[in-house]
Structure formats: structure tokens, C-alpha cells
Asks: 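Here it is, the structure, as C-alpha cells.
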Amino acid sequence: MAQDTRPTIRIRDAGEHVGAPVRIGGWVYNRRSGGKVVFLILRDGSGLLQCVGSAKDMPAEAWDALGSLPQESSLWVCGTVRRDARAPGGYELALEDLSVIQAAQPDYPLALKEHGPEFLMDNRHLWLRSPRQAAVMRVRAEVVRACRDHLDSEGFLLMDAPVLTPAACEGTTTLFGTDYFGQQAFLTQSGQLYNEAAAMALGRVYCFGPAFRAEKSKTRRHLIEFWMLEPEMAFVEQEENMQVQERLITAIVERVLERQRGELELLERDVEPLLRVKPPFPRITYDSALEILQGKDLALPWGEDLGAPHEVVLAEEFGRPVFVTHYPAACKAFYMQPDPARPEVVLCADLLAPEGYGEIIGGSQRIHDPELMERKVREIGLPTEAYRWYMDLRRYGTVPHSGFGMGIERVVSWLCGLAHVREAIPFPRLLNRIYP
């Protein structure tokens with residue numbers, strides 16, 4: 001195909017060029033022949049477009065190539081955009097010419113048929129090309145944009161927390177260790193502690209990045225490497241902290257419904273439950289949660305953390321996100337502020353999503369009293385020197401402050417109605433998987 005003056009466009013913009021000649025680069029998603037006409041479904045990462053070619057409208061060389069291109073072959077196509085309600089996206093391209101960049105190998109592993117999950121995960125690098133996986137990735141990108149836009153609009157400042165740290169965030173043993181020029185270092189579990197320092201400097205901040213948990217968990221809600229959004233706020237106590245979370249989740253849901261409704265439809269996601277996500281969200285205490293669970297034959301001893309089955313049952317009671325507050329201090333992290341009226345519980349909340357998705361946010365008011373924090377650090381045996389800088393935050397201008405962490409993949413799984421969180425991240429890291 002000779003170089004010409006036609007504008008190069010992306011498939012998503014085809015509707016803006018009806019009746020005009022255009023040039024598009026893409027890959028063959030599917031192809032079928034109707035005698036003297038060939039229907040080619042082209043994808044370019046922004047969408048799918050039906051291209052219709054006939055021998056009378058194309059050069060002989062281009063027509064011959066069109067009839068034999070394997071799936072995932074790459075090419076340039078030229079033609080005129082026209083409306084067609086029957087075509088994917090409502091438009092099609094009347095082919096006039098094409099140029100093959102590469103004719104793909106004919107044994108493409110992910111031919112258009114059913115495959116098992118392990119096979120699909122082994123070929124994740126190719127599975128991402130499917131319309132369903134592309135739709136999930138677009139929703140994920142929208143969730144990230146919505147988070148940043150919303151927090152920026154509320155006066156938060158993005159601060160990047162380090163990935164390599166000298167100690168655990170929560171004092172657990174679920175850490176990946178590495179050598180740091182002769183010193184022990186770890187992949188971060190959370191950017192929270194560093195973000196507390198940033199909040200003491202800048203008031204309201206958030207970090208967004210990868211986190212790592214060396215937990216030997218195989219549930220559909222767990223990843224070894226995942227992405228966390230973590231806001232921290234100076235001069236904010238727990239009630240206001242929950243209000244910030246309500247506004248954030250509502251903004252995310254509204255944004256995805258507004259801008260990615262087509263992707264949700266492709267995923268066959270029932271959006272009715274999402275339309276019910278409006279603040280204020282219901283709030284129940286941990287004690288009340290145990291009473292509900294006992295009535296559902298899921299009794300749990302006081303002091304134990306809620307598990308996935310408990311969270312599912314509790315969220316279904318309300319049909320929309322619900323806060324569970326005032327957990328026992330014994331089952332929560334050392335930095336959480338005790339309730340002054342009842343020190344055995346802490347000022348915290350987990351936000352549970354409905355439809356079986358469970359916890360999507362965990363947050364709390366942080367301890368700001370230096371003596372109490374020092375006592376907590378000693379009680380659980382944390383290395384005091386590694387936490388000296390963290391203690392300094394309480395020594396030099398301490399204030400009440402709060403924050404939370406939101407798992408991006410869990411939110412995406414809920415919004416998309418996915419059966420497993422592994423589809424909510426481009427290349428999942430699981431207990432039994434680090435390839436590809």
C-alpha cells in the first residue's frame with residue numbers, strides 16, 4: 001500500500017470520520033468470507049472495527065492477502081468509514097487497500113474457543129488481547145483516573161512512598177526480603193507509614209503504588225503483588241475519614257458508570273447494584289456484626305478478625321457498601337487509635353462491598369500520642385531503631401490523623417463483576433504463579 005495523505009485514526013474515533021477516507025493500524029481479530037466479500041474484524045487496542053473488502057474494490061495483491069491472514073496478523077488498512085448498526089461499534093470500513101506488516105504464525109494459542117483458567121494464565125501476555133480482558137483493563141484505568149481526579153479535587157497531594165523499606169508496616173512476617181548492599185531490606189507492604197510523615201508536612205496526601213504480601217493464600221481475593229491507594233490526613237478523626245471514603249467510592253462508581261458503561265455491558269455486568277451506591281453508607285460495629293453472623297449460623301468468637309464468608313454475609317444484609325467499625329485491638333494493626341471510651345477496641349473501619357466481594361478498604365484513626373505509640377511498638381517487639389523516624393512524627397508536632405488503604409484490584413473486580421481478582425491486574429502474581 002503506497003503512502004498516502006489519508007489521516008491515521010484509531011478505531012474508537014471512527015464515528016468522527018463517517019464518509020471520509022482513513023488509515024488504521026491494527027491486528028486481525030477474526031475473519032470470514034462471504035464469497036466475493038471478506039469480512040475482517042480488526043482490533044487496535046481502542047476497539048473493534050468490521051472491515052469489508054471485495055475483489056472489485058481492492059488491488060489484486062491486497063485482495064489475495066486479505067483472504068489468507070491468520071488471527072493476530074498485523075496490518076495497515078485504508079478505506080472509507082460508513083455507518084452500519086449491525087457492525088461492532090456501529091461503524092465499518094469499506095476497504096480500498098491494505099498492507100501486511102506481519103502475517104502471524106497460524107497456530108495462535110488463543111483461538112476463538114473456550115480455554116481453561118490455567119491455560120489462559122499461562123498465556124496472559126496474549127489473553128490481554130481479548131475484548132473481555134481489554135474491557136477490564138479500561139475499567140481499571142478509569143478507576144485509577146477517578147481516584148486521582150477526585151482526591152486532587154479535594155486538596156490531596158500525590159506523594160510517592162518507597163518500595164524498598166527497612167522494616168514491616170504492620171509488624172508481620174509476610175515480607176519479601178532482599179539484600180540492600182549488605183543490609184536487610186523488604187518489599188513494602190504499604191506506603192502508609194511514610195505517608196503519615198508526608199501528611200505531617202503537607203496536610204492531606206495520598207500515595208499510589210505496588211505493595212507486596214508474602215501470604216500463602218489461594219483465595220479469589222488475594223494477590224501477592226497488588227496496587228494500593230493510600231490517603232493520609234492530618235487533623236482528621238475517624239468519622240471524617242469514613243466520609244472521605246464514601247465520597248471517593250461514590251465518585252469512582254459514578255465515573256465508571258458514566259465513561260465505561262459499554263465495557264460493563266461487554267462484561268455482562270448487571271449495573272443495578274452499582275446504581276445503589278450512594279452515601280451515606282450503612283455503619284455497624286464489630287459487636288453488631290457478630291450478632292448478625294450468629295443469626296446466620298456463622299458465629300465467631302469475640303476478638304477474631306472477620307473472614308471472607310463473614311464479610312460476604314454482612315454486606316448482603318445491606319445490598320451496598322457497609323462499614324464495619326470498632327474492631328478489637330488484638331486483631332488490628334499496632335498503629336490504630338484505641339477508642340477512649342472502650343480501649344479494647346480501636347477507631348477503625350473496614351468497608352465491605354456487596355455481591356460477595358468483601359473488604360475493599362481498611363482504614364483507621366492513627367495513634368498520635370507518643371507514649372502510647374512507644375508502648376505499642378515495644379509490646380509487639382518491633383525494632384525501635386528502624387521505627388525511630390516514625391516515632392519522631394509523634395515527638396515534633398503530633399496531631400490527630402487518619403487514613404485508609406484501598407486495593408485497586410478488589411475495587412475493579414467488584415465493579416466488573418469478576419470471579420477472581422487475577423483478571424483485574426495485567427500480570428497477576430499468585431502463590432503458584434510468577435509467569436509470565
Asks: Any chance you could measure Gln337, atom CD, to Gln238, atom CD, to the nearest 0.5 Å?
Replies: 10.5 Å
Asks: If you compare all heavy atoms of Tyr180 against all heavy atoms of Ala185, which two are closest, and at what distance to 0.1 Å?
Replies: CB-CB, 3.6 Å
Asks: For Gln294, does the CD atom have more than 12 heavy-atom neighbours from other residues, nucleotides or ligands under 6.0 Å away?
Replies: no
Asks: Can you spot which of Glu409, Glu423, Glu263 makes a salt bridge (Lys or Arg N to Asp or Glu O under 4.0 Å) with Arg140?
Replies: Glu409
Asks: Pairs in or reaching into residues 357-370: which pass salt bridge (Lys or Arg N to Asp or Glu O under 4.0 Å), with residues at least two apart or in two chains?
Replies: Glu232-Arg366
Asks: Working to the nearest 0.5 Å, report the span between CD of Gln71 and CH2 of Trp27.
Replies: 13.5 Å
Asks: Quick one: do the Thr174 and Gln189 side chains pair a donor with an acceptor below 3.5 Å?
Replies: yes
Asks: Check the pair Glu142, Arg145 against salt bridge (charged side-chain N to carboxylate O under 4.0 Å, His left out), reporting the backbone distance first and the verdict last.
Replies: CA-CA 5 Å; Glu142 197 66 63; Arg145 281 193 295 268; 2.8 Å; yes
Asks: What's the separation between atom SG in Cys51 and atom CD in Glu92, rounded to the nearest 0.5 Å?
Replies: 8.5 Å
Asks: Can you confirm whether Cys147 sits close enough to Ile252 that some side-chain heavy atom of one is under 4.5 Å from a side-chain heavy atom of the other?
Replies: yes
Asks: Could you tell me how the ring of Tyr327 sits relative to the ring of Tyr286: parallel (under 30°), tilted (30 to 60°) or perpendicular (over 60°)?
Replies: tilted
Asks: What is the minimum heavy-atom distance between Ser364 and Cys348, and which atoms define it?
Replies: CB-CB, 3.7 Å
Asks: Out of the candidates Ile408, Ile249, Val412, Leu415, only one should pair with Ile360 under the side chain to side chain contact (heavy atoms under 4.5 Å, CB included) rule; please name it.
Replies: Ile249
Asks: Which pair of heavy atoms, one from Pro88 and one from Ile41, lies closest together, and at what distance?
Replies: CG-CD1, 4.3 Å
Asks: With sequence neighbours left out, which residue pairs that include part of residues 105-128 fulfil the ring pair (Phe, Tyr, Trp, His ring centres under 6.0 Å) condition?
Replies: His115-Phe119
Asks: Quick one, Arg422 and Pro117 - any side-chain contact, counting heavy atoms below 4.5 Å?
Replies: yes
Asks: So does Ile434 have more than 12 non-hydrogen atoms from other groups sitting under 6.0 Å from CD1?
Replies: no
Asks: Kindly indicate, with the supporting measurements, whether the criterion side chain to side chain contact (heavy atoms under 4.5 Å, CB included) is fulfilled by Trp389 and Leu193.
Replies: CA-CA 10 Å; Trp389 68 270; Leu193 304 192; 3.8 Å; yes
Asks: With ring pair (Phe, Tyr, Trp, His ring centres under 6.0 Å) as the rule and sequence neighbours excluded, what pairs involving residues 215-236 come up?
Replies: Phe208-Trp227
Asks: Under 6.0 Å from the CD atom of Gln105, do we count more than 12 heavy atoms belonging to anything else shown?
Replies: no
Asks: Identify the heavy atoms of Ala315 and Ala353 that sit nearest to each other, and give their distance.
Replies: CB-O, 3.3 Å
Asks: Look only at the side chain of Ser402 and the backbone of Val236, and say whether a donor-acceptor pair between them is shorter than 3.5 Å.
Replies: yes
Asks: Taking ring-ring contact (aromatic ring centres under 6.0 Å, His included) as the test, write out the residues that go with Tyr206, two or more places apart.
Replies: none
Asks: If I take atom CZ from residue Arg410 and atom OH from residue Tyr357, how far apart are they, to the nearest 0.5 angstrom?
Replies: 12.5 Å
Asks: Checking Arg220 now: which residues fulfil salt bridge (charged side-chain N to carboxylate O under 4.0 Å, His left out) with it, not counting sequence neighbours?
Replies: none
Asks: Excluding sequence neighbours, so at least two apart, what forms salt bridge (charged side-chain N to carboxylate O under 4.0 Å, His left out) with Asp392?
Replies: Arg388, Arg395
Asks: List the residues meeting salt bridge (charged side-chain N to carboxylate O under 4.0 Å, His left out) with Glu316, not counting sequence neighbours, and say none if there are none.
Replies: none
Asks: Checking the side chain of Arg43 only, and the main-chain atoms of Gly45 only, is there a donor and an acceptor separated by less than 3.5 Å?
Replies: no
Asks: Stepwise, does the side chain to side chain contact (heavy atoms under 4.5 Å, CB included) test hold for Leu151 with Leu229?
Replies: CA-CA 10 Å; Leu151 290 175; Leu229 179 80; 3.9 Å; yes
Asks: Let me know which of Leu48, Asn30, Leu75 forms a side chain to side chain contact (heavy atoms under 4.5 Å, CB included) with Leu42.
Replies: Leu75
Asks: Could you list the residues that satisfy salt bridge (charged side-chain N to carboxylate O under 4.0 Å, His left out) with Glu355, not counting sequence neighbours?
Replies: Arg269
Asks: Going by the salt bridge (Lys or Arg N to Asp or Glu O under 4.0 Å) test, which pairs reach into residues 288-301, not counting sequence neighbours?
Replies: Lys296-Glu317
Asks: To the nearest 0.5 Å, how far apart are CG in Leu187 and CD in Glu225?
Replies: 8.5 Å
Asks: Nearest 0.5 Å please: distance from the CG atom of Asn241 over to the CZ atom of Phe323.
Replies: 8.0 Å
Asks: Would one find more than 12 heavy atoms of other residues, nucleotides or ligands at under 6.0 Å from atom CD of Glu379?
Replies: yes
Asks: Specify the closest pair of heavy atoms between Gly303 and Cys331, including all atoms of both residues, with the distance to one decimal.
Replies: O-CB, 3.5 Å
Asks: Name the one of Arg261, Lys278, Arg247, Arg259 that satisfies salt bridge (Lys or Arg N to Asp or Glu O under 4.0 Å) with Glu254?
Replies: Lys278
Asks: Scan residues 329-348 for pairs that pass salt bridge (Lys or Arg N to Asp or Glu O under 4.0 Å), counting only residues two or more places apart or in two chains.
Replies: Asp287-Arg342, Lys332-Asp350, Arg342-Glu344
Asks: Answer yes if the side chains of Glu196 and Tyr335 hold a donor-acceptor pair under 3.5 Å, and no otherwise.
Replies: no
Asks: Yes or no on side chain to side chain contact (heavy atoms under 4.5 Å, CB included) for Leu248 and Phe404, after CA distance, side-chain angles and deciding distance?
Replies: CA-CA 11 Å; Leu248 173 64; Phe404 60 92; 3.8 Å; yes
Asks: Answer yes or no: is there a donor N or O on one side and an acceptor on the other, between the side chain of Ser74 and the main chain of Ile101, under 3.5 Å?
Replies: no
Asks: Throw together a table of side-chain donor-acceptor distances under 3.5 angstrom for residues 424-432, partners on residues two or more places apart or in other chains.
Replies:
{"residue": "Arg429", "atom": "NH1", "partner": "Pro436", "partner atom": "O", "Å": "2.9"}
{"residue": "Arg429", "atom": "NH2", "partner": "Pro436", "partner atom": "O", "Å": "3.1"}

Asks: Less than 4.5 Å apart, any side-chain heavy atom of Leu110 and any of Ser130?
Replies: no
Asks: Verify the neighbour count for atom CD of Glu237: are there more than 12 heavy atoms of other residues, nucleotides or ligands below 6.0 Å?
Replies: no
Asks: If you take all heavy atoms of Tyr91 and Ala14, which pair is closest and at what distance?
Replies: CB-CB, 4.5 Å
Asks: Not counting sequence neighbours, list each pair that qualifies as a ring pair (Phe, Tyr, Trp, His ring centres under 6.0 Å) and has a residue in residues 249-281.
Replies: none
Asks: Can you check whether Cys78's main-chain N or O pairs, donor with acceptor, with Arg6's side chain at less than 3.5 Å?
Replies: no
Asks: Could you walk me through whether Met200 and His368 pass the side chain to side chain contact (heavy atoms under 4.5 Å, CB included) check?
Replies: CA-CA 11 Å; Met200 296 306 110; His368 63 277; over 6 Å; no
